[in-house]
Amino acid sequence: MFVAPIIDKPTHFPQNMFGHPAMKIKSLSREQVRSVDQQAIEDYGISGLVLMENAGRGAADVIQQNAATGRVVILCGKGNNGGDGYVIARHLDLMERQVRVVSVVEIESLSGDAAANAAIAQKAELDVQVATSAEAIESHLHDADVIVDCLLGTGATGPLRGIYADAVKIANRTKATRIAIDVPTGMDVDSGEADPHTFQAELTITFVAKKIGFEFDETQSLLGDIEVVPIGVPRKLLRPWVLPS
Ligand SMILES: NC(=O)C1=CN([C@@H]2O[C@H](COP(=O)(O)OP(=O)(O)OC[C@H]3O[C@@H](n4cnc5c(N)ncnc54)[C@H](OP(=O)(O)O)[C@@H]3O)[C@@H](O)[C@H]2O)[C@H](O)CC1
Ligand SMILES: [K+]
């Protein structure tokens with residue numbers, strides 16, 4: 001009988017799901033993470049679409065690991081945080097999940113990478129709904145088992161406007177599992193200050209690194225567990241913030 005040779009198990013480095021040792025990176029400010037994004041695009045030539053695809057695909061994997069069943073409803077805003085939501089939808093659909101995208105703005109108002117991914121989602125005949133009133137949002141969330149917050153990310157400034165506040169209020173009232181993408185909508189990335197209607201997440205999936213606003217005690221109940229998803233930004237670009245492992 002063939003007895004498989006016993007080999008020493010290689011020492012497993014702490015790996016994230018992408019199979020490379022998960023570097024420990026300092027928490028970044030809004031300005032730092034947005035400049036990393038910009039440098040990756042302008043100095044390294046990585047297209048924003050590639051960063052968004054890595055972000056959305058990585059987030060979809062983490063969602064599948066943490067909320068593996070039920071209907072996923074993704075609330076999308078106007079910018080690239082919303083753009084991530086269309087990528088997440090496409091990858092969850094590929095995992096044969098029931099997925100609905102609910103855009104709180106007219107799709108025509110999107111631009112750049114977000115508009116590109118919204119168009120792909122529509123051409124792929126994913127379930128994409130536009131809901132620009134509280135009643136319409138309510139009607140699309142009633143059967144959600146998981147709600148994903150792709151309303152606002154690092155581009156948020158000032159108090160939540162109109163429909164965004166409505167969307168967060170409605171989402172917070174449901175029994176669904178709530179997952180925030182990059183930062184819970186309503187939370188200030190730097191100060192951690194939370195709008196009265198901040199998305200209450202059980203899990204926050206954030207890109208590149210944790211944000212400095214996540215360090216405050218008051219924000220823990222809004223963040224839930226935190227997972228950092230790398231999006232392909234070169235290690236050299238992150239070097240100033242890598243912590244000794
Ligand atoms: N390297 C990375 O981290 C990557 C991050 N990605 C994702 O991109 C977002 C940042 O995207 P951005 O488009 O810059 O900003 P947002 O999507 O957060 O905001 C979009 C627009 O929302 C409006 N806005 C701003 N503040 C408010 C508010 N308080 N209430 C309502 N609406 C608001 C504003 O538009 P206006 O024209 O209405 O002023 C914003 O422009 C990041 O968080 C990640 O999720 C990339 O996908 C990949 C790389
Ligand atoms: K968000």
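Start at 1 and go down the list; that is how both ligands and their atoms are numbered.
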Close side-chain approach of [X] to [Y], heavy-atom, < 4.5 Å:
{"X": "V101", "Y": "Y86", "answer": "yes"}
{"X": "Y164", "Y": "L152", "answer": "yes"}
{"X": "D166", "Y": "V104", "answer": "no"}
{"X": "K26", "Y": "I212", "answer": "no"}
{"X": "D149", "Y": "L75", "answer": "no"}
{"X": "R90", "Y": "N117", "answer": "yes"}

Quiz prompt | Heavy atom of G83, distance to ligand 1 below 4.0 Å | solution =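 The answer is no, since G83 has no heavy atom less than 4.0 Å from ligand 1.
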Exercise. Determine, using heavy atoms of G77 and all atoms of ligand 1, whether some pair is separated by less than 4.0 Å.
Key: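 Contact absent.
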Give the residue and atom name of whichever protein heavy atom lies nearest to [atom], and the separation in Å to one decimal.
{"atom": "atom 26 (N) of ligand 1", "answer": "T157 N, 2.9 Å"}
{"atom": "atom 18 (O) of ligand 1", "answer": "G153 N, 2.6 Å"}
{"atom": "atom 5 (C) of ligand 1", "answer": "D37 OD2, 4.0 Å"}
{"atom": "atom 30 (N) of ligand 1", "answer": "R161 N, 3.1 Å"}
{"atom": "atom 23 (C) of ligand 1", "answer": "L152 CD2, 4.1 Å"}
{"atom": "atom 40 (C) of ligand 1", "answer": "G155 O, 4.1 Å"}
{"atom": "atom 10 (C) of ligand 1", "answer": "T154 OG1, 3.4 Å"}
{"atom": "atom 37 (O) of ligand 1", "answer": "K78 NZ, 2.9 Å"}

Quiz item: N/O/S of L152 less than 3.4 Å from the K ion (ligand 2)?
Solution: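 It does; at least one qualifying atom falls short of 3.4 Å.
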Self-check item: Any N, O or S atom of L151 closer than 3.4 Å to the K ion (ligand 2)
Solution: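 Given the 3.4 Å cut-off, L151 does not count as a ligand of the K ion (ligand 2).
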Exercise. Report the residue from K211, E215, K210 that forms a side-chain hydrogen bond (donor to acceptor under 3.5 Å, both in side chains) with S27.
Key: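 Going through the options one by one, the only one that passes is E215.
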Exercise. Please determine if R30 and D188 form a salt bridge, counting it only when a charged side-chain N lies under 4.0 Å from a carboxylate O.
Key: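 Salt bridge absent between R30 and D188.
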Under a 4.0 angstrom heavy-atom cut-off, which atoms of ligand 1 come close to [X]?
{"X": "R34", "answer": "10 (C), 14 (O)"}
{"X": "G158", "answer": "29 (N)"}
{"X": "G79", "answer": "13 (O), 17 (O), 20 (C)"}
{"X": "A156", "answer": "18 (O), 25 (C), 26 (N)"}

Quiz item: L151 to ligand 1: N or O pair under 3.5 Å?
Solution: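 Between L151 and ligand 1, no N or O pair is found under 3.5 Å apart.
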Quiz item: Below 3.5 angstrom, do we get any N/O pair linking P159 and ligand 1?
Solution: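 Looking only at distances, the answer is yes, because the N/O contact criterion of under 3.5 Å is met.
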Exercise. Nearest 10° is fine: what angle sits at the K ion (ligand 2) between O from V183 and O from I181?
Key: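 An angle of 80° at the metal.
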Self-check item: the K ion (ligand 2): angle it makes with OD1 (D149) and OG1 (T185), nearest 10 degrees
Solution: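 Here the angle at the metal atom is close to 50°, to 10°.
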Practice problem: Begin with the C-alpha distance, continue with both residues' side-chain angles, and end with the deciding distance and a verdict on side chain to side chain contact (heavy atoms under 4.5 Å, CB included) for D43 and L237. | Solution: CA-CA 10 Å; D43 303 348; L237 179 43; over 6 Å; no
Considering all heavy atoms of both residues, which atom of [X] and which atom of [Y] are nearest to each other, and what is their separation?
{"X": "A55", "Y": "F207", "value": "O-CE2, 3.4 Å"}
{"X": "G77", "Y": "L110", "value": "O-CD1, 4.3 Å"}
{"X": "I88", "Y": "A60", "value": "O-CB, 4.1 Å"}

Quiz item: Among N80, D84, L51, which one has a heavy atom closest to atom 47 (O) of ligand 1?
Solution: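 Residue with the shortest heavy-atom distance to the ligand atom: D84.
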Practice problem: Going by heavy-atom distance to atom 42 (C) of ligand 1, choose the closest among V87, D182, L110, L160. | Solution: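 Among V87, D182, L110, L160, the closest heavy atom to atom 42 (C) of ligand 1 belongs to D182.
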Which bit of [X] gets closer than 4.0 Å to ligand 1, counting heavy atoms only: side chain, backbone, both or neither?
{"X": "A114", "answer": "neither"}
{"X": "I231", "answer": "side chain"}
{"X": "N81", "answer": "both"}

Quiz item: Got a donor-acceptor contact below 3.5 angstrom from the N81 side chain to the I181 backbone?
Solution: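 Judged by distance alone, yes, a pair lies under 3.5 Å.
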Self-check item: Candidate pair R100 and Q129, rule side-chain hydrogen bond (donor to acceptor under 3.5 Å, both in side chains), full reasoning
Solution: CA-CA 7 Å; R100 177 182 307 136; Q129 303 296 329; over 6 Å; no
Quiz prompt | Passing option when I231 is tested against V208, V50, I46 for side-chain contact (heavy atoms from CB on, under 4.5 Å) | solution =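 So, applying the side-chain contact (heavy atoms from CB on, under 4.5 Å) to I231 and each of V208, V50, I46, only V208 qualifies.
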